[in-house]
Number of protein chains: 2
Amino acid sequence: MISSAPQALKPRKRPQQRRASATVDAIFEATIQLLVKDGLSQLTTTRVAERAGVSVGTMYQYFPHKQALIYAVNERYLDRLAERVEATCREWQGNPAGDMVEALIDTYWHTKTEKPDVTRALYRSVVEMDNEALISAFAVRTDAAITAMLASASDNDGSDARSNTRTLVTVIFGAVRNSFERGHSGEVAEDLRRQLVIMCRAYLDRHGR
Amino acid sequence: MISSAPQALKPRKRPQQRRASATVDAIFEATIQLLVKDGLSQLTTTRVAERAGVSVGTMYQYFPHKQALIYAVNERYLDRLAERVEATCREWQGNPAGDMVEALIDTYWHTKTEKPDVTRALYRSVVEMDNEALISAFAVRTDAAITAMLASASDNDGSDARSNTRTLVTVIFGAVRNSFERGHSGEVAEDLRRQLVIMCRAYLDRHGR
DNA sequence: CCATGATATGAAGAATTATTCAGTTTGAGG
DNA sequence: CCTCAAACTGAATAATTCTTCATATCATGG
């Protein structure tokens, strides 16, 4: 997935030599660390450069401004998330819908809770930077993957596919995120995950469709 | 519900005379308008004062800093939301759980979509200001109200009340918010609302509990 | 109608921070 | 080893914005 950021947010140039690649990586890493530690409002270009071990000028060679830097960091992050969801969807093609849903919940749950502070910090920065377009792009990709997966379900009866898929997607992504933001963990989180699976299965198995 | 903000975010003083009340109201209103129009990053104390028709100094008589102002605006807003959820919960005491859930979904859906831009703008400002404690407080209040309501359900079989309630709350609030953020509206939103009700009812009616 | 505390004013001060650019260093290919 | 473009440097600039405070006006109860 190639960066197709809006003109104003595009990187200035891509690194060509090896040391330049290392520089850009260091800048990304420093940015994430600072977002986690102090949040966007405390993140200054000088501090990013400092922590990355380069000078401000260097940062400005690759990113025309702070906004573009944050955008790039989040684009890379969400890209990787989307890839994982797509992989799960490919993997479960042709299985019963209930199992698909369970796998999807597990995958998404994992991506959120693996590095909770990074998840939180980056999400927050997206909101602050008004970059929700990145989240939409993520949703478009995952929606497509999930729709394709569910269409291939061995027990697919073909009725109301659009509505059912939309409902499942909205509920699963919404509930997992909400659970995450409520700080559920351990026993509680595990129970909720199970209950969510039960609920989705009950929805799929309902009679009065 | 009296303001019990952390020391650092408390208003400097409450208005005593009538004209002071009007001033504070104007400041609140101006703040919300600016948040909706330009977002927090463009909101300066000068602009708030300007739009409220007072001078900066006046604003600083009531709020020690910008942070406290935003905090107060959101506190007032979430307070009102919580009251509406609590009202619904009181109203449906003793009914069947399925109907309660439906009523809850309707109420929450309404509060979100009534003034979508205000909802979005204020939520965003909470995130940017790192005031998630306000959202927790909101959750604590609504959780308590919903727990009490469900405990009174005419068809309550008493099993796993804690887990069931937590699941329903997390799913409903999460899904409604996610639907809202995805920009669902019209037909699509209405269908999703119905499906969400169906899903929750299916969960409540499931056999293998 | 007067005294006093409440309320309002807004120019000035202090601090922070994004961004540039003229100049230096590095590395890869010939 | 030489050349040239790529990469890097960081002090200086320019702009923005929060917050204060000395001063002025208002409203209310005695």
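On a predicted model such as this, the values are computed, not experimentally measured, just so you know. By convention in this document, chain letters (A, B, ...) are assigned in the order of the sequence lines, proteins followed by strands, and residues within each chain are numbered from 1.
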(request) Specify the residue among B:R18 and B:T44 whose closest nucleotide of DNA chain D lies further upstream toward the 5′ end. (result) B:T44
(request) Measure from CD on A:Q61 to C1' on D:dT9 and round the result to the nearest Å. (result) 9 Å
(request) To the nearest Å, give me how far apart NZ (A:K66) and C1' (D:dT16) are. (result) 13 Å
(request) Measure the distance from OH on A:Y60 to C1' on D:dG10 and round it to the nearest whole Å. (result) 13 Å
(request) Over all heavy atoms of both residues, which pair between A:A82 and A:R141 is shortest? Give the atoms and the distance, please. (result) CB-CZ, 3.6 Å
(request) With heavy atoms under 4.0 Å as the rule, sort B:Q16 into base, sugar-phosphate or nothing. (result) sugar-phosphate
(request) In whole angstrom, give the distance that lies between atom CZ of B:F63 and atom P of C:dT7. (result) 13 Å
(request) Could you tell me how the ring of A:Y108 sits relative to the ring of A:F173: parallel (under 30°), tilted (30 to 60°) or perpendicular (over 60°)? (result) parallel
(request) Map A:T58 and A:T46 onto DNA chain C by nearest heavy atom, then report which one ends up closer to the 5' terminus. (result) A:T46
(request) Under 4.0 Å between any heavy atoms, over every strand shown, what does A:Y62 touch: base, sugar-phosphate, or nothing? Just pick one. (result) sugar-phosphate
(message) I need the A:L204 CG to A:M199 CE distance, nearest 0.5 Å.
(response) 12.5 Å
(request) Please tell me which of the listed nucleotides, C:dA11, D:dC8, C:dT20, lies nearest to the side chain of A:S55? (result) D:dC8
(request) May I have the distance from A:R47 (atom CZ) to C:dT17 (atom C1'), rounded to whole angstrom? (result) 9 Å
(request) Inspect the contact between A:R193 and A:D106 and indicate whether a charged nitrogen and a carboxylate oxygen are less than 4.0 angstrom apart. (result) yes
(message) Is the phosphate of C:dA8 approached by B:T23 (side-chain N or O, under 4.0 Å from OP1 or OP2)?
(response) yes
(message) Counting only side-chain heavy atoms from C-beta out, which of C:dT7, C:dA18, C:dT26 sits nearest to B:A20?
(response) C:dT7
(message) Testing the basics here: between B:H65 and B:A8, what is the closest heavy-atom pair and its distance to 0.1 Å?
(response) NE2-O, 3.1 Å
(message) Using the side-chain heavy atoms of B:V54, tell me which of these nucleotides is nearest: C:dT9, D:dA6, C:dA8.
(response) C:dT9
(request) Would you kindly give the CE-to-P distance between A:M59 and C:dT19, to the nearest whole Å? (result) 7 Å
(request) Would you mind classifying the nucleic acid contact of A:L69 as base, sugar-phosphate or nothing, using non-hydrogen atoms under 4.0 angstrom? (result) nothing
(message) How many whole angstroms separate atom CZ of B:R14 from atom C1' of C:dA6?
(response) 16 Å
(request) Measure the distance from CD on A:Q17 to C1' on D:dA5 and round it to the nearest whole Å. (result) 8 Å
(request) Ignoring backbone atoms, test whether A:R12 places a side-chain nitrogen or oxygen under 4.0 Å from the OP1 or OP2 oxygen of D:dA7. (result) no
